[in-house]
Structure formats: C-alpha cells, structure tokens
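What follows is one structure encoded as structure tokens, with my remarks underneath.
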Amino acid sequence: MPTLNWIGKDAVINHHLAVPFHLLQDVPELACGDPGSGNLIVEGDNLVALKALLPYYKGKVKCICIDPPYNTGNEGWAYNDNVNSPAIRQWLGQTVGKEGETLDRHDRWLCMMYPRLALLREFLSEDGAIVVNLDYREQPYLRLLLDEIFGTTNLVSEIACVNKPSGRSDDKYIATAHESITIYRKSPKLTLSGFSPDENIIKRYSRTDNKGLKYREEDLRKRGDHDERNDRPNLFYPFFYSEESDLLLVGENADDTPKGFMRIEPMKAVDSEGTWRWGRETSKKQIQYLHPRYMPNKEQWSVFEWQYLDERGDVKPTSVWDFKDVNSERGTEMFTKILGFPKSAFPNPKPLGTLERIIRIATNPGDLVLDSFAGSGTTGHAVLKMNAAAPEAEARRFLLVEMEPKIAQDITRERVRRVAEGYTNAKGDAVPGLGNASGAATGFRYVTLGEALFDETGQIRSGVRFAELARHVYFTETGEPLPKERVSAKTPLLGIHRGKAIFLLYNGILKDKSISGGNALCRETLRVIEEIKASHADMEQSVVYGTSQRLSPARLKRGRITFKQIPYQLRISWARNRKQSASTTSPFSRRKTAPPGWKSVSKTRTYGSRRNSWRSCMSAPRTTWGCIWKRSSPSGSWILRQLPRNPR
C-alpha cells in the first residue's frame, strides 16, 4: 500500500498515546436546559479533549463529522501540540502562511491531523463512520492518512458536494464549485441510510391506480449488458396471460400454453431472446406488482412492474450532492439572517443541510455524533433539529469540541443555546426553541479541560475524586468506558468485565478500613471485597487497585486476586491491540536508553513486596525484570521510576 511521508511524521505517529489524560471541569452557568440529556460541549484543545473524553465514549460514537482547517493560509491556525521534536519545535506558535510563504505548511497540517484522526478512530463504534469535509488543498493527503489509520478497504465513498454552483470567482483557471466529503468506516458492519425522494423523483410516479396510489411502470425485461438468454438462462421463462379473466401466471419453459392464455417471453426482438430482471420465484412472490401490456411499436406483449411511490423507501445517496440546502450561502444565511449573529463573528459557517444529510445517512435515533472541530456549532444545531422533527423517536446526542474559548462560548455554545431555548432573529422576530413545541431533549453540559490526571512526577493529583480516577482505572483495565450506573456507586467495585471484577481503593471509599484510610489492600479491606464477591457469582477473578498491599502472595493466589499499585501500574492499555509501537506510551516504556532528562541507574530484578532503596519504584509484579531511570526534581531530590520489561 502506498504511504505518505512528511517532516515530523516520526514524532507524531504515536503522539496520541503520550497525550496525558486531563480531567473535565463542569461549568454549570454555561450549561443549557437539562444537562443530563446526553449532549456535551467541550472547550479546549481538541487533541487533549479527545484524550480526556476517551474513557467515557470509546467505541460509542456512531458518526464523526469534522470540518478541519482547509489550510488555505487565511485561517490563522498554528501548530501547538506539545511534541518534543526538533523538526516540530520551530513550528510551535507560528501561524501557517499562504502557499509559497511557508514550505512546511502541509507538513504542519499533517502533523496536526494524524494524532487526532488516530484518536477519533477509537471513539467509533464497530458500525460507525467518520465523515470529513475538505477542499482540494489537503484532500489527497487526507485520503492517504485515512488509508493508513482506517485501512484502504474501509473507504466508503468520496462525495462531491456542490456548495457553490457558480464556482469561486477568485480561482485562476477553473472555478471550484464543490468540496469533498470523504467517508471511511470502522468495519464492514457499517450500514448507511438514504434520503427521502425529492420532487424530481416524485414526478416520475405519474400514474394512479384504482385506489388512488401513485406508481410508475418499469419493464420487467432486462436492459443493458448481459441481457441475452445465453447470459442468464435461468432468467428466461414464460408468463401466461388471459385477457378475458385478466389472470397472469408464471410458467416454465417446458409448459404448454394453457387454453385461453397467451405466452409472453422476454424477447428483445422477434428473433432475439432476452431475459427478465427477476427469477421465477421472485415473480411468483411479487405477482401482484406485475401487469402485462401490449406495445404497439414493437408489436409484442411484455410484462411491467408497477413501482409504488409509498413503498419505494429512501433513495440511495449518490456521489454528487447538488441539493439547494448544501449551498454555502445557506450556511451564512442561517448564521446571520436567521440566528442573528454578525457576519464577522465566524467565516464560512457550514450549511445546516450538509450536516443534516450526513447525520441522516450515517446514524439512527439514539446514536451519538461527535464533532471535534465544532466551530459555529452546525453539527449540534443539526442534531437538535432532527430530534425536534421526530420527538417520538429516541433522541440523537452530540459531542462538540472547540478549542478557542471565545468561539466555544460566544459562537458554538450560544448558537446551540439559541436553537434549544429560542432567540430573536435579525429582523427582531421571536423564534421559539426547538424543544418548546416538540418536547425534544435540547439540553447540554458545558465543560472545560482541567489539570492532567497525573502530575509531572507521575503521581495522581491530590484533587482527583474517586469517580474521576474510577473511570480511568476501569478504562485502563478493560479498554471500555465505565458503565454509567457504576460512576456514582459508593463501592470499591467498579464493575465486572468478562468475569473479572475491578476494584479501586482510593479516597476513603471504604470509610477508613485501617491502613492509610482504606487505600491499601490488607486484611480489613479484603474482608469487604470478599463480602462483595460473595454476592456476585460471575466473578472468576479480581483486580484490585490501591496504594499498597499487605497480603502474602499465597493469600492473593488463594483469593484469585491481582493487585496493582497506583499510580505506577495505571498504564494506557486501550491501544494495546493496535499495530503501533508502545515506545511513546510514557517516558518509561521499553527503552534501552534513558528518556530525555533521565539517567539510567541500573538493570535490576525487582520484588514488589521487598522494602529496599527502590521501594518507590515497585510498580512491577513480583520477580519481573525492568529498568530504573532517575532524574533530579525541582527540589533537588532524586525521582525514581521503574517499568516492567513486558508491559501489557
């Protein structure tokens, strides 16, 4: 498979694994309606935000819609990811220039997109799809990125979305009239819906039956390639029709024509035999839709299928969208004239129709939609509008991420709030919110990015609550989000995953059962765990996370318990099945040389229960080989870290 190389690729290809997990901080005053409706707006860098959201939503998103920077040179975006690479360090904080001004502009775009696309893939459900809007500048590179991350076999389609039918007047040679919509799937489990028939299709159903139902006729004889009897002999068979009784029968080639009936065969001409479109069994099942008719021009009879408008269902999407509602002018009109925002507030807002059509074909009621380049909030608007149009169905939900605080609060959040609660348009008319009349759920939570879960020394920050660490522990252990009903449960049992129970001893969840406030696995806390296990017959084994443990290996083995020390054995394991190097999952991964800023102390055989000068490094299971690194802390003392030789 052809691959793409660019400046900085080696530095970012696994960068998403090294991005630290950050906490999410609620901002209640910026929320809207019922915050429990399942909708969420996140303010913060989308790479960090995606990593923070992963323990909550991995594998749960049905459709990802993103409209990343087109890299025109007029957008004012800068590469600011914290990547320790000489090739990238010189880019930090520098705004990308126009074509010809900065030679690395495409490299920077690719470095920005790769880790975000790699993370976005983890959010998709197995039957999910990612949809990317882009123009010709970066679209060829995008395809190669998506091929590498999603696989070439998972390309679904590329749609030409005609968003400016007259073309761009400032283009030098050819006036660009479209942009590309590129769709990739997570796996072959993806299914796509279609659109309701438009006027051009409806007018084809020009006939009306005796019940007043609209239909059109379609000759049952096959047309085009491979339409001769020799091509498909099984599709050549006779119909028998009686004009007197208006009875149509499906026959076989060996049958004689019944008395009072005429024989109708799929003849291309008098001396040329063709085929039907349907086999005999299908014709028998659908006989009520078949009607014979004489064709004077050909001087022969044929059989026609009556196709009814009310039975045709949705229309399969095509690779060209030239609908009126995808015109870019509709996006500006909605943003300014209808929603009442000044035109200068946000350039080129996406047409609402484009997002509605994407969400319609890629999701079902109850599904989750993610937009990590939320911008003007069109995706959230589209979700709420679709929910309001079908209030009896389960509501779709949205996750929006916008990195610029002013845009996130004044544009993204404000637009969705206006749509939800109502607003005054540019003419001064009051417009009711979408949830007012329909009863649709239109509320959302608003959060910002807090501190990283771990500090610079690898310790869990003191302000981390039990529920926050619980989500990370469960996600680390299982690769799946913590079930919602377990988040606030006042028990150390986080959940049972494939027969394995995950426990967390942290922040006094047991109301102080001795050593260090119940954060250690000892006899007292073990009794509580065993009482919980006694009421769950499906627990085959247990994993207990705590600050330390005071039980013998024999006792742990007898109880089928694996103890993992926090923070040292909290590892990022969600990508363990990906075909990627684990070398950047933390500064202490499998390395033969010390990471930057660290010094190799020794290679040693460690024992998790032995108290010695390396006890602060005892993150490894008993008798595990590993490496120890050290560096000087700001206070001047030495910080020691050890990681097992074969991390999971």
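None of these values were measured; they are calculated from a predicted model.
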Would you call [X] and [Y] a salt bridge, using N to O less than 4.0 angstrom?
X      : Y      : result
Glu414 : Arg418 : yes
Arg143 : Glu158 : yes
Asp135 : Arg137 : yes
Asp67  : Lys350 : yes
Lys164 : Asp171 : no
Arg116 : Asp45  : yes
Asp314 : Arg360 : yes
Arg397 : Asp367 : no
Lys564 : Glu477 : yes
Glu356 : Lys385 : yes
Glu126 : Lys186 : yes

- Task: For the pair Asp325 and Arg357, evaluate salt bridge (charged side-chain N to carboxylate O under 4.0 Å, His left out) and give the outcome as yes or no after the intermediate values.
- Result: CA-CA 9 Å; Asp325 59 5; Arg357 291 182 179 277; 3.0 Å; yes
Using modelled atom types and a 3.5 Å cut-off, is there a donor and acceptor pairing between side-chain atoms of [X] and backbone atoms of [Y]?
X      : Y      : value
Lys222 : Asp225 : yes
Ser328 : Asn163 : yes
Glu402 : Glu404 : yes
His381 : Val416 : no
Thr176 : His178 : no
Asp81  : Val83  : no
Ser180 : Thr182 : no
Trp109 : Pro69  : yes
Arg413 : Ile41  : no
Gln94  : Gln90  : yes

- Verify side chain to side chain contact (heavy atoms under 4.5 Å, CB included) between Ser187 and Asp127, making sure each step is shown before the conclusion. CA-CA 6 Å; Ser187 78; Asp127 59 347; 5.8 Å; no
- Query: Do the ring planes of Phe21 and His472 sit parallel (below 30°), tilted (30 to 60°) or perpendicular (above 60°)?
  - Reply: perpendicular
- Could you tell me how the ring of Phe323 sits relative to the ring of Phe195: parallel (under 30°), tilted (30 to 60°) or perpendicular (over 60°)? perpendicular
[X], [atom1]: over 12 other non-hydrogen atoms inside 6.0 angstrom:
X      : atom1 : answer
Asn348 : CG    : no
Arg498 : CZ    : no
Asn82  : CG    : no

Test item: [X] and [Y] side chains (from C-beta on) under 4.5 Å apart, heavy atoms:
X      : Y      : answer
Asn133 : Tyr70  : yes
Glu43  : Tyr446 : yes
Leu190 : Asn154 : no
Ser125 : Lys60  : no
Trp91  : Cys111 : yes
Asp198 : Val315 : no
Leu192 : Pro317 : no
Leu53  : Phe123 : yes

- Stepwise salt bridge (charged side-chain N to carboxylate O under 4.0 Å, His left out) check, Glu148 with Lys9: CA-CA 12 Å; Glu148 188 169 332; Lys9 181 177 182 179; 3.2 Å; yes
Can you tell me how far the [atom1] atom of [X] sits from the [atom2] atom of [Y], to the nearest 0.5 Å?
X      : Y      : atom1 : atom2 : value
Arg121 : Ile130 : CZ    : CD1   : 10.5 Å
Arg330 : Ile338 : CZ    : CD1   : 9.0 Å
Leu30  : Thr448 : CG    : OG1   : 9.0 Å
Trp77  : Thr95  : CH2   : OG1   : 10.0 Å
Tyr114 : Leu4   : OH    : CG    : 10.5 Å
Asn46  : Met403 : CG    : CE    : 6.5 Å

Testing the basics here: between [X] and [Y], what is the closest heavy-atom pair and its distance to 0.1 Å?
X      : Y      : result
Thr412 : Gly377 : CG2-CA, 4.0 Å
Leu384 : Ala420 : CD1-CB, 4.1 Å
Gly97  : Arg105 : O-NE, 2.9 Å
Asn327 : Pro351 : O-CG, 3.3 Å
His15  : Ala11  : CB-O, 4.0 Å
Cys63  : Val61  : O-CG1, 3.3 Å

Any chance the side chains of [X] and [Y] put a donor and an acceptor closer than 3.5 Å?
X      : Y      : result
Thr378 : Ser376 : yes
Tyr184 : Asp147 : yes
Glu138 : His106 : yes

- Among Asn387, Asn39, Thr363, find the one that has a side chain to side chain donor-acceptor pair (under 3.5 Å) with Arg396. Thr363
- Quick one: do Phe335 and Lys343 satisfy side chain to side chain contact (heavy atoms under 4.5 Å, CB included)? Show the steps, please. CA-CA 8 Å; Phe335 189 69; Lys343 190 173 183 179; over 6 Å; no
- Taking it one step at a time, do Asp371 and Ile64 satisfy side chain to side chain contact (heavy atoms under 4.5 Å, CB included)? CA-CA 6 Å; Asp371 185 348; Ile64 295 172; over 6 Å; no
- Message: side chain to side chain contact (heavy atoms under 4.5 Å, CB included), that's the test. Do Thr478 and Ile502 meet it? Break it down for me.
- Response: CA-CA 9 Å; Thr478 68; Ile502 297 97; 3.8 Å; yes
